[in-house]
Amino acid sequence: MTASQPTVLIADATGYLGRHLIQAYGDAGYRVRALARSPEKLSQAGLFIDDVFAAEATKPETLKGCCDGVDFVVSALGITTQKDGLTYDEVDYQANRNILDEAIRAGVGRFAYIHVLHADHMQDIAMVRAKSKFAAELEAAPIASTILCPSGFYSDLVEFVEMAKRGRVYLVGDGKSRMAPIHGADMAAVCVEATRQGHSRLNVGGPDTYTQNEIADLAFRALNRPRHISHVSPKLASSVVNLMRVMGMRSVAEPASFFLRASQINMTAPAYGTVSLDDQFREHASIIN
């Protein structure tokens, strides 16, 4: 690495997409600084990283200096599973806002953020509302921004294979809504190009578009098992999610509410990438079989 090479700070470096971002930017010749709450997880991943900045993004005092010498920031920071009691406002909004404030202070040239597709149709979902609040403030901030909105990730869909292994896949509604999910490596490659070219906002889909029924079919095919699909009414599914909230199971109810809503609208976007969902499902099936 030479001093002339641009430096990128990757936030949520230990997450699913963060690890792919580290790999993609490193392969593209960038100097990579990883922002991580648990640096030991990065060493276990075996990724090459130029330097690691240990910080808790919900605590702004720990971020001091994280953006010094950085040319641009890419944040995939957000709650995936609620294990530590933090809220979406605290992580998806405020933690990203803390990093943005530090980036502005340090004179960083661009801030890229991984949002969600069709967020305007899901503003009653806590996670989406928190992400949208940050995205709006990012676009209004005195810094160039790139907002990427993926249709969904393959990593979230392996649950179809898990259900298929148990013998039956449950879908909300008639299963005809469509989505264009993408592999993390392909999404990271899109991010590299988007920041290089200075895109302000980009909707991102994977190489293929599927109905929910077709995704279930792929899961059974990957396991070489007979197809058994049950369709659950959206009203019943919503009632179950609301019951979870009443019972205090918010860590389960909030992610479920997002997936419930996303499964009922067409999450389609322009096609990018080359890795197929079929290959991802077959790989996961080989692990769990």
Side-chain angles (χ1 to χ4, degrees), residues 1-55 57 62-78 95-115 134-135 138-139 141-150 153-155 182-204 206 270 272-275:
M1 292 283 180
T2 65
S4 63
Q5 290 175 299
T7 297
V8 56
L9 174 74
I10 306 294
D12 194 27
T14 58
Y16 166 74
L17 183 57
R19 298 184 188 197
H20 286 295
L21 288 167
I22 288 171
Q23 186 72 52
Y25 277 100
D27 289 347
Y30 291 84
R31 186 174 186 279
V32 176
R33 177 179 298 170
L35 179 66
R37 181 172 59 175
S38 304
E40 62 276 7
K41 290 184 179 180
L42 291 175
S43 60
Q44 295 168 2
L47 295 169
F48 177 81
I49 304 168
D50 293 279
D51 68 88
V52 177
F53 195 100
T62 70
L63 294 169
K64 299 296 185 184
C66 71
C67 292
D68 291 351
V70 168
D71 294 281
F72 63 100
V73 172
V74 179
S75 178
L77 184 61
N96 278 298
R97 180 72 230 197
N98 293 341
I99 299 169
L100 174 59
D101 289 341
E102 185 63 18
I104 293 171
R105 184 205 62 77
V108 171
R110 178 173 294 274
F111 195 113
Y113 177 59
I114 311 301
H115 194 12
F134 174 72
L138 172 58
E139 289 181 309
I143 187 173
S145 62
T146 295
I147 296 177
L148 299 166
C149 304
F153 294 113
Y154 290 176
S155 58
I182 191 168
H183 191 277
D186 284 336
M187 183 65 201
V190 172
C191 192
V192 170
E193 279 307 302
T195 49
R196 272 179 171 170
Q197 297 177 22
H199 288 295
S200 57
R201 183 178 281 260
L202 201 64
N203 293 339
V204 182
Y272 295 88
T274 60
V275 181

Given the rule in the side chain to side chain contact (heavy atoms under 4.5 Å, CB included) test, do Tyr272 and Leu202 qualify, once you have shown the distances and angles that lead to the verdict?
CA-CA 11 Å; Tyr272 295 88; Leu202 201 64; 3.7 Å; yes

Stepwise side chain to side chain contact (heavy atoms under 4.5 Å, CB included) test for Ile143 and Leu138
CA-CA 8 Å; Ile143 187 173; Leu138 172 58; 4.2 Å; yes

Check against side-chain hydrogen bond (donor to acceptor under 3.5 Å, both in side chains), Thr195 and Arg110
CA-CA 8 Å; Thr195 49; Arg110 178 173 294 274; over 6 Å; no

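Atom CZ of residue Phe48 and atom CG of residue Asp50 lie 4.5 Å apart, to the nearest 0.5 angstrom. Here the straight-line distance linking atom OH of Tyr113 with atom CG of Leu100 works out to 11.0 Å at 0.5 Å rounding. With values rounded to the nearest 0.5 angstrom, Arg31 atom CZ is found 4.5 Å from Asp51 atom CG. The distance from the CG atom of Asn203 to the CG atom of Leu148 is 9.5 Å, given to the nearest 0.5 Å. For the atom pair CD1 (Ile104) and CZ (Phe111), the distance works out to 9.0 Å, reported to the nearest 0.5 Å. Here CD1 of Ile114 is found 8.0 Å from OG of Ser75. Values are rounded to the nearest 0.5 Å.
Although no hydrogens or angles enter the test, the distance criterion places a donor-acceptor pair under 3.5 Å between the side chain of Arg33 and the main chain of Cys66. In this structure, Asn98 contributes its side chain and Ala57 its backbone to a donor-acceptor pair below 3.5 Å. Put simply, the side chain of Tyr154 gets close to the backbone of Val275: a donor and an acceptor are under 3.5 Å apart. The backbone N or O of Thr14 sits less than 3.5 Å from a side-chain atom of Arg19, completing a donor-acceptor pair. Side-chain atoms of Gln23 never come within 3.5 Å of backbone atoms of Ala185 as a donor-acceptor pair (strictly under, hydrogens ignored). Panel note: side chain Tyr25, backbone Cys191; a donor-acceptor pair is recorded below 3.5 Å. Side-chain atoms of Thr146 come within 3.5 Å of backbone N or O of His199 as a donor-acceptor pair.
The nearest pair of heavy atoms linking Gly29 to Gln5 is O-NE2, 2.9 Å. For the residue pair Ala13 and Ile10, the shortest heavy atom distance occurs at CB-O, 3.8 Å. Minimum heavy-atom separation, Val73 to Val70: CG2-CG1, 4.2 Å. Closest approach of Ala188 and Leu17 over heavy atoms only: N-CD1, 4.3 Å. Between Cys67 and Ile99, the closest heavy-atom pair is SG-O, 4.3 Å. When all heavy atoms of Phe53 and Thr62 are compared, the closest pair comes out as CE2-O, 3.3 Å.
Under the 4.0 Å criterion applied to side-chain N and carboxylate O atoms, Arg105 and Asp101 are not assigned as salt-bridge partners.
Contact annotation: the side chain of Ile182 approaches that of Phe153 to within less than 4.5 Å [non-hydrogen atoms, C-beta and beyond]. Here the side chains of Leu21 and Asp12 are not in contact, with every heavy-atom distance at 4.5 Å or above.
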